[in-house]
Every structure is written in C-alpha cells, then in structure tokens.
Amino acid sequence: MGFITTKQRARDVLFWPGMNKQIEKMIISVRYCTSTEVQPSRMTDSKNDEHEKDNRFVVKLKNPHLKTMTEDVLYHFTLSTSTHDLQDMFGDVKFVCCSGSPKRIAVFAEYIRDELSIKLPVGCTLENIANKTDRYALYKIGPVLAVSHGMGMPSVSIMLHEILKLVYYAKCKDVTFIRIGTSGGIGLDAGTVVVSDKVVDGRFRPVFEVPILGKVVARPAILHPQIANDLLHCKKPDDVFKIVVGTTMCTLDFYEGQARVDGAFCNYTEQDKKEFLQSAYAQGVRNMEMESLCFAATLHHADIKCAVVCVTLLDRMHGDQISMSHDEYEEFQVRPQRVVARFMRRKLRLGSQASCDE
Ligand SMILES: O=P(O)(O)O[C@@H]1C[C@H](O)[C@@H](CO)O1
Ligand SMILES: O=c1cc[nH]c(=O)[nH]1
C-alpha cells in the first residue's frame, strides 16, 4: 500500500535477503497499512471470486529469464523481490494510471482516494512509495496504482518494464493500464478530452519500433476498443468540456516532431506546418503527445488492456505556444482524471451501476 504513518515515515524499515517471511510480512503490513485497513473494493461477489481464481487473467510476461533470477531489483522504483513482498503490497491492483508529471500523479492519487472513498487509517497520509528515487513517483490507492512516467517514450518504456514486472510478481489479475495525459489538439477547442482509438507515430504508422540487438523490432500499438468506448461513455450532460474519440499522433519531440515553428530550429514554413496539420486532421488525428505509441505497443505485447485519455492544452491549428493561466492549466489537467475516475467507479461497481456517476 502507499500509506505510511507520519511517525513511521521518519524511521526506515530494514529488509534483508533471507529475512523470515513472517517478519517481513508484519513489517510490510505496518509500513504500508495493508488492504484490510482500506475499504475493500466491491469486486468481491461470488462471480468475482471465481474470476479471481481464473489464471487466464493473471499477468504473464514473455521473458523466460525472469524465472531463473533469485532477485529482481526494480531499480527506478527502489523496490526488489527480495526486500519487498510485492504480492502482499500490490496483489489487489486492478488499475495502473499513468501521467508524465510526478506532481500531477500525486494530485491524482489524492483525488482518486476521495473518488473511490478509500479510507486511510487515522494518522496515515498517501505516500510516494518510490520516494527514495526522484525518477518516478508511485502511489497505491486501494486497487489503483498511480505512477508518473516522465516525458517521452524512453522514459515510459523503463517505467513500463518495471511496473509490468511489479504486477507480474504481485500476481495481479485483470489489470488495466490508462495513460492520463496532456496533448496538443488538432481542430479541437483547448480543454477537450480526447479518448484515443488509435495511436500512430510521426509518419502515421501504428507501430512502435525498438532497435533490439541491432535490429528494428516493430511492435503494433493497439488500444483496447471496449475500454475506449466505455471511457467515451463516461461523459455527463453537465460537463463543461467535450469528450471526443480520435487518433493520437505520438512524436519523438515536442517541437519539430510536432510541426512547431517555435523550437530552436525550424527549416519549414508556416504553410508547410499548416498543410501537415491539415493532412493529420484528414487522417483522423485529433491530438499529439509523446508517450502513447510505446504505451499501447508495450501493453499490447504484454497482453494487457490499455487506454489513453488526454486533455488538449491548445488547438495547434491556431498556434504553437501554450500560454494559458496556471488556474486554467490546473482545471484542464483534472478533466481526463475525472473521466477515468468515473470509469473506475463503474468498473469497481461503486455508486450507481447505471452510469459513470461521480
Ligand atoms: O503526461 P504528459 O501530459 O506530461 O505528456 C505530454 C507529452 C509530453 O511528455 C509532455 C510535453 O509537455 O506532455
Ligand atoms: O502540444 C502539446 C501539448 C502537450 N503535450 C504535447 O506533447 N504537445
């Protein structure tokens, strides 16, 4: 769990290889305020019990080497299979929600705690589980893991390798990953929430290319259509923002990669840029960001359902610079979080069954 009492925060618990499992479990249950202390999710009826036992839903990884390792260190999260009981800490995770910025993911963790009515024990605060490193931030809020991934695909890829191993060692079942991001919109008002139905690279190709052992391996980037559809239906009539579905272009860079003319370099004209954006729009592209391709391809490769939901910060048809006020930015970035919260409440059967009620 991601909860540490203020008293406990000061002293660090020592774990060592070969530590008696019972002692280790006790320490972890005190340190992370185990799931018995938070309100259990309502996915516990008899139908779901059967589902829980069904091994088809367990996270499996296509790496035979993992089975031969005596210890696996999830280096960028300062977690390890020999110092942490990952199953005890994370075994009940159903959703992994990801955003670029550690600050935004911390806000999301607090927000989702309230939305899912997760009760922290008296004196406990939500704590960054990866607080010994400044690479990523990681929070656990009942069945939700909230993790930051930094900017760009290399950073997302490292996060995904380690979080996928985490959910694998934790024996998590039926997990869904959702990227909750910001993006540049194409032909959309700023503040629109885009649910991606497809992701493409800067050349309109729905594949993520990874050079491995000197050869390019192309992994198809595929999102889960049903989840995209469910997210889209989490719209409420009184929302002040639109939710649309569209293709997301994932680029290697924020400036030239996204046809901006305001980077340090630019050897094309405003007209060239306009034509590129118009051509993208004609091909169904509604926003641009920098992580979705690696996200969709890696999770599809791991046979895990995933979705991408991003708010647009500007309409790229009208300019390149993002110059909104801080308050507007804060309000915009919470919009996709609200949609995802409704979706998770619905899946966890909290509140009304009939809709994505908040
Ligand atoms: O998850 P976020 O909203 O941080 O992702 C987008 C894409 C880039 O990483 C970054 C550029 O500002 O924002
Ligand atoms: O224009 C934008 C805005 C946010 N993120 C991007 O990648 N591009």
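The figures that follow rest on heavy atoms only: side chains count, while hydrogens, waters and symmetry mates do not. Both ligands and their constituent atoms are indexed starting at 1 by order of listing.
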Next on the checklist: Suppose I only count heavy atoms of Gly181 and a 4.0 Å limit; which atoms of ligand 1 are within that range?
Outcome noted: 1 (O), 3 (O)
Next on the checklist: So if I count the atoms of ligand 1 from 1 in the order they appear, which ones are less than 4.0 Å from some heavy atom of His149?
Outcome noted: 1 (O)
Checklist entry - With atoms numbered from 1 as shown, which atoms in ligand 2 lie under 4.0 angstrom from a non-hydrogen atom of Met288? => result 6 (C), 7 (O), 8 (N)
Checklist entry - Would you call Asp303-Lys60 a salt bridge at under 4.0 Å N-O? => result no
Checklist entry - Charged N to carboxylate O under 4.0 angstrom, Arg335 versus Glu331? => result yes
Next on the checklist: If I apply the N/O under 3.5 Å rule, does Ser101 come out as touching ligand 1?
Outcome noted: no
Checklist outcome for this item: So for Met249 against ligand 2, with non-hydrogen atoms under 4.0 Å, the contacting part is neither
Next on the checklist: Tell me whether Asp174 is salt-bridged to Lys347, with the criterion being a basic N under 4.0 Å from an acidic carboxylate O.
Outcome noted: no
Item to check | Protein contact of atom 2 (C) of ligand 2 - nearest heavy atom, named by residue and atom, plus distance | outcome: Gly184 N, 3.2 Å
Checklist entry - Is the backbone N or O of Phe241 less than 3.5 Å from a side-chain atom of Asp239, with the two atoms forming a donor-acceptor pair by type? => result no
Item to check | Contact atoms of ligand 2, heavy-atom distance to Ser183 under 4.0 Å | outcome: 2 (C), 3 (C), 4 (C), 5 (N)
Item to check | Donor-acceptor pair, side chain of Thr298 and main chain of Cys294, under 3.5 angstrom | outcome: yes
Checklist entry - What part of Gln333, side chain from CB on, backbone N/CA/C/O, both or neither, has a heavy atom under 4.0 Å from ligand 1? => result neither
Checklist entry - Quick one: which ligand 1 atoms are inside 4.0 Å of a heavy atom on Gly100? => result 1 (O), 2 (P), 4 (O)
Checklist entry - Applying the side chain to side chain contact (heavy atoms under 4.5 Å, CB included) test to Leu164, which of Leu61, Val96, Asn63 qualifies? => result Leu61
Checklist entry - Considering only the protein, which heavy-atom contact is closest to atom 13 (O) of ligand 1, and what is its distance? => result Thr182 OG1, 3.4 Å
Checklist entry - Looking at ligand 1, does any of its N/O atoms fall within less than 3.5 Å of an N/O of Met151? => result no
Checklist outcome for this item: Closest to atom 1 (O) of ligand 1 by heavy-atom distance, out of Glu291, Arg179, Met290, Glu289, is Arg179
Checklist entry - Taking C-beta and beyond as the side chain, do Ile112 and Tyr139 meet within less than 4.5 Å on heavy atoms? => result no
Item to check | Side chain Tyr136, main chain Ser155, donor-acceptor under 3.5 Å | outcome: yes
Next on the checklist: For atom 12 (O) of ligand 1, what is the closest protein heavy atom, and at what distance to 0.1 Å?
Outcome noted: Phe254 CE1, 3.7 Å
Item to check | Any side-chain heavy-atom pair of Ile118 and Pro143 under 4.5 Å | outcome: yes
Checklist entry - Can you tell me if Leu314 has a non-hydrogen atom under 4.0 Å from ligand 2? => result yes
Next on the checklist: What I want to find out is whether Lys273 reaches Asp262 closely enough, with some N-O distance under 4.0 Å, to be called a salt bridge.
Outcome noted: no
Checklist entry - Among all protein non-hydrogen atoms, which one is nearest to atom 1 (O) of ligand 2, and what is the separation to 0.1 Å? => result Arg260 NH2, 2.6 Å
Item to check | Flag, side chain of Arg286 to backbone of Leu188, donor-acceptor distance under 3.5 Å | outcome: no
Next on the checklist: I'd like to know if Ile322 contacts ligand 2, where contact means a heavy-atom distance under 4.0 Å to any ligand atom.
Outcome noted: yes
Checklist entry - Short N/O distance, under 3.5 Å, between Arg104 and ligand 1? => result yes
Next on the checklist: I need the atoms of ligand 2 closer than 4.0 Å to a non-hydrogen atom of Met290, numbered in the order shown.
Outcome noted: 7 (O)
Next on the checklist: Tell me whether Lys165 is salt-bridged to Asp72, with the criterion being a basic N under 4.0 Å from an acidic carboxylate O.
Outcome noted: yes
Item to check | Identity and separation of the nearest protein heavy atom to atom 8 (N) of ligand 2 | outcome: Gln258 OE1, 2.8 Å
